[in-house]
Amino acid sequence: MTVLVTGGAGYIGSHTVLELLQAEQNVLVLDNFSNSSSESLKRVKELTNKTVTLIEGDIRDKALLETLFTQHSIDSVIHFAGLKAVGESTEIPLDYYENNVWGTINLLQVMKQFNVFKFVFSSSATVYGDPQTVPIKENFPLSATNPYGRSKLMVEDICRDLAASDSNWKIALLRYFNPVGAHESGRIGEDPNGIPNNLLPFIAQVAIGKREALAVFGDDYDTVDGTGVRDYIHVVDLANGHLKALAHLAKQNGCVAYSLGTGKGYSVLEMVKAFEKASDRPVPYKIVARRPGDIACCYADASFAKEVLSWTATRNLEQMMKDSWRWQSNNPEGYKK
Ligand code: NAD
Ligand code: UDP
């Protein structure tokens with residue numbers, strides 16, 4: 001039996017493919033390389049000494065999906081493929097809805113056509129909007145403030161409707177908090193295009209000297225030091241959450257959402273300090289205005305995933321920072337060199 005992994009050449013996908021291969025699963029990856037290259041999976045093959053079939057193509061291409069489901073004995077899908085930049089989503093919302101919503105509908109239609117009902121979806125903590133309290137539980141109200149977040153919420157709603165319409169479906173909605181870090185080998189990691197939007201890759205590029213200083217978006221939030229607090233989770237822990245969710249689907253009924261986080265929040269300045277320590281490099285920063293749409297504080301109550309999936313994040317902040325730095329310093333140009 002084969003797991004189809006869409007977007008498997010990307011940041012979280014490549015780490016998950018590695019863990020799947022190490023768990024002796026057959027893996028088929030479909031990726032259009034719009035935000036990745038085949039180099040990540042070449043390195044995954046080297047690290048695991050295992051093979052993975054990689055198809056260059058798009059989830060919006062129904063004929064291609066039908067061919068893949070005909071040619072391979074796919075029995076489950078982990079769906080990472082999509083666009084993920086919040087700012088960009090406000091500029092080109094149609095592209096986001098087309099890739100993330102329509103692309104997913106296309107995939108679900110072909111799954112149904114081939115009687116494949118096990119589906120693990122990359123959702124995001126962004127669906128909790130601006131929570132009234134923390135830690136955040138799965139049953140908190142859902143909302144979205146930008147097209148990216150709305151595309152995730154729409155797919156969640158589609159999945160809930162689908163599972164309600166047909167009891168064959170077994171769907172895990174994995175709401176990631178803030179994935180950071182890299183595989184401990186330093187061979188695979190996050191390779192953002194252009195100027196990074198996210199905090200950790202930006203800090204790493206300042207530490208290596210590619211960028212002058214970090215702009216800290218606001219120091220007047222109601223948090224420990226006034227800067228934003230997030231629940232950062234090591235990408236390998238996150239990858240393992242997918243294996244646990246996939247294994248649990250056999251016992252699961254319908255559509256269930258899980259928060260994948262550590263349950264602990266760190267401020268931007270705490271992240272800067274921790275990175276300086278791990279890299280032994282200074283990370284100069286300046287305080288600037290708040291970023292529109294940002295919230296003060298966001299961290300998970302991770303107890304549901306622990307209870308139901310027997311999954312818990314095991315890597316601490318020090319390890320996240322060390323692994324980020326190893327990846328950044330060994331690959332200053334990402335996969336390009
Ligand atoms: P990524 O951009 O590294 O990976 C996404 C992959 O999907 C890329 O390899 C890209 O080439 C591919 N892709 C995009 N559109 C495609 C299409 N139409 N057909 C085929 N392939 C396509 O991103 P990531 O950080 O690994 O995120 C994976 C998923 O997790 C995304 O759905 C993202 O929205 C979600 N997510 C990410 C984060 C985060 O902070 N990284 C947080 C929450 C949720
Ligand atoms: N942040 C920052 N400077 C940056 C990028 C991010 O100060 O260049 C802050 C941001 O305001 C938030 C935290 O770092 O408080 C995490 O931001 P990121 O974009 O990585 O994740 P998200 O906001 O989606 O949780």
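These numbers come from the heavy atoms of this one structure, side chains and all, not from hydrogens, waters or symmetry mates. Every number for a ligand or one of its atoms is a count from 1 in the order of the listing.
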Student: For His242 and Tyr258, I'd like to know if the aromatic rings sit close, meaning centre-to-centre distance below 6.0 Å.
Tutor: no

Student: With distance as the sole criterion, is a donor-acceptor pair present between the side chains of Thr314 and Asp237 under 3.5 Å?
Tutor: yes

Student: Give a yes or no answer on whether the side chain of Lys264 reaches the backbone of Asn316 with a donor-acceptor pair at less than 3.5 Å.
Tutor: no

Student: Is the closest basic N to carboxylate O distance between Lys273 and Glu276 below 4.0 Å?
Tutor: no

Student: Answer with yes or no whether the hydrophobic clustering places Tyr285 together with Val283; edges join I, L, V, M, F, W, Y residues whose side-chain heavy atoms lie under 4.5 Å apart.
Tutor: yes

Student: Sort out the contact shell of ligand 2: every protein residue with a heavy-atom distance below 4.0 Å, listed by chain and number.
Tutor: Asn178, Asn197, Asn198, Leu199, Leu214, Ala215, Val216, Phe217, Gly228, Arg230, Tyr232, Val268, Arg291, Asp294

Student: Indicate whether the side chain of Tyr148 and that of Glu88 have a donor and an acceptor atom separated by less than 3.5 Å.
Tutor: no

Student: Which protein residues come within less than 4.0 angstrom of ligand 1, counting heavy atoms only?
Tutor: Gly7, Ala9, Gly10, Tyr11, Ile12, Asp31, Asn32, Phe33, Ser34, Asn35, Ser36, Gly57, Asp58, Ile59, Arg60, Phe80, Ala81, Gly82, Lys84, Asn99, Ser122, Ser123, Ser124, Tyr148, Lys152, Tyr176, Pro179

Student: Establish, from distance only, whether the side-chain atoms of Tyr335 and Arg43 form a donor-acceptor pair under 3.5 Å.
Tutor: no

Student: I'd like to know if Lys50 and Glu24 make a salt bridge, using a cut-off of under 4.0 Å between side-chain N and carboxylate O.
Tutor: yes

Student: Under a 3.5 Å cutoff, is there a donor and acceptor pairing between the side chains of Tyr176 and Ser122?
Tutor: yes

